[in-house]
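Notes for the one structure printed next.
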Amino acid sequence: MNGPPPPLVQELAALGYALTHALYTEAKELLVKEGLSPRKAHLLGLLAKGVDLPSQLAELLEVHPSQVSHLLAALEEEGLVERSPDPQDRRKVKLFLTPKGREAAARTEALWLAVFGRRLARLSPEEQAAFLRILRKLTEVEDA
């Protein structure tokens, strides 16, 4: 077998999961104080990045379209999201953030960056640069 030894892979996988879980748990607690679930915050972030079709949101969130509909209804009720018919295809609905929704999306992004930033602050500047290089390498799309 080519590659790192299995015990190293196992430990790195466990540590990667532990980091993800710790970040998610801390962010989730802060999001609840903002009145948002992690899934709602993720949806707002996707809308802020220009994803504007419910079908795209369902695909990116990896959920059934009906779940997106429920999330959107709740966000609409909270005044964060609005729907309008797609001017190019009246069968489709376009989504957009209200001013209140843009503010909430900006707050949740800042919250997430602060949570991740606190973890990164444990590393020296040299370790941060190395971590960035490693993550870039690990997230490159490999040729099939």
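Only this structure's heavy atoms are used, side chains among them; waters, hydrogens and symmetry mates stay out.
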- Query: Does any N or O in the side chain of Gln67 come within less than 3.5 Å of the main-chain N or O of His64, such that one atom is a donor and the other an acceptor?
  - Reply: yes
- Contact check, side chains of Phe116 and Leu23, non-hydrogen atoms, under 4.5 Å: yes
- Query: Of the non-hydrogen atoms in Thr98 and Gly79, which two are nearest, and what is the gap between them?
  - Reply: OG1-O, 2.5 Å
- Task: Could you check if a side-chain atom of Leu95 sits within less than 4.5 angstrom of a side-chain atom of Leu57, using non-hydrogen atoms only?
- Result: yes
- Query: Closest approach of Leu111 and Ala27, non-hydrogen atoms and distance?
  - Reply: CD2-O, 3.9 Å
- Which atom of Leu44 lies closest to which atom of Ala104, heavy atoms considered: CD1-CB, 4.0 Å
- Task: Might you point out which heavy atoms bring Arg102 and Leu97 nearest each other, and give the distance in Å?
- Result: NH1-O, 3.0 Å
- Can we say Glu26 and Arg118 salt-bridge, meaning some charged N sits less than 4.0 Å from an Asp/Glu carboxylate O? yes
- Query: Taking the side chain as C-beta and beyond, is there a heavy-atom pair between Trp112 and Thr108 under 4.5 Å?
  - Reply: no
- Any side-chain heavy-atom pair of Pro54 and Leu72 under 4.5 Å: yes
- Query: How about Arg107 and Glu34: do any of their side-chain heavy atoms sit closer than 4.5 Å?
  - Reply: yes
- Query: Do you know the tightest heavy-atom contact between Ala22 and Arg119?
  - Reply: CB-NH2, 3.4 Å
- Message: With heavy-atom distances below 4.5 Å as the criterion, would you say the side chains of Leu47 and Val81 are in contact?
- Response: yes
- Note on the structure: Heavy-atom closest pair (Gln128 atom, Ala121 atom, distance to 0.1 Å) is NE2-CA, 4.2 Å
- Task: Give a yes or no on whether Phe131 and Tyr17 share a hydrophobic cluster (residues Ile, Leu, Val, Met, Phe, Trp, Tyr; joining criterion: side-chain heavy atoms under 4.5 Å apart).
- Result: no
- Task: Identify whether the distance between the nearest side-chain nitrogen and carboxylate oxygen of Lys40 and Glu78 falls below 4.0 Å.
- Result: yes
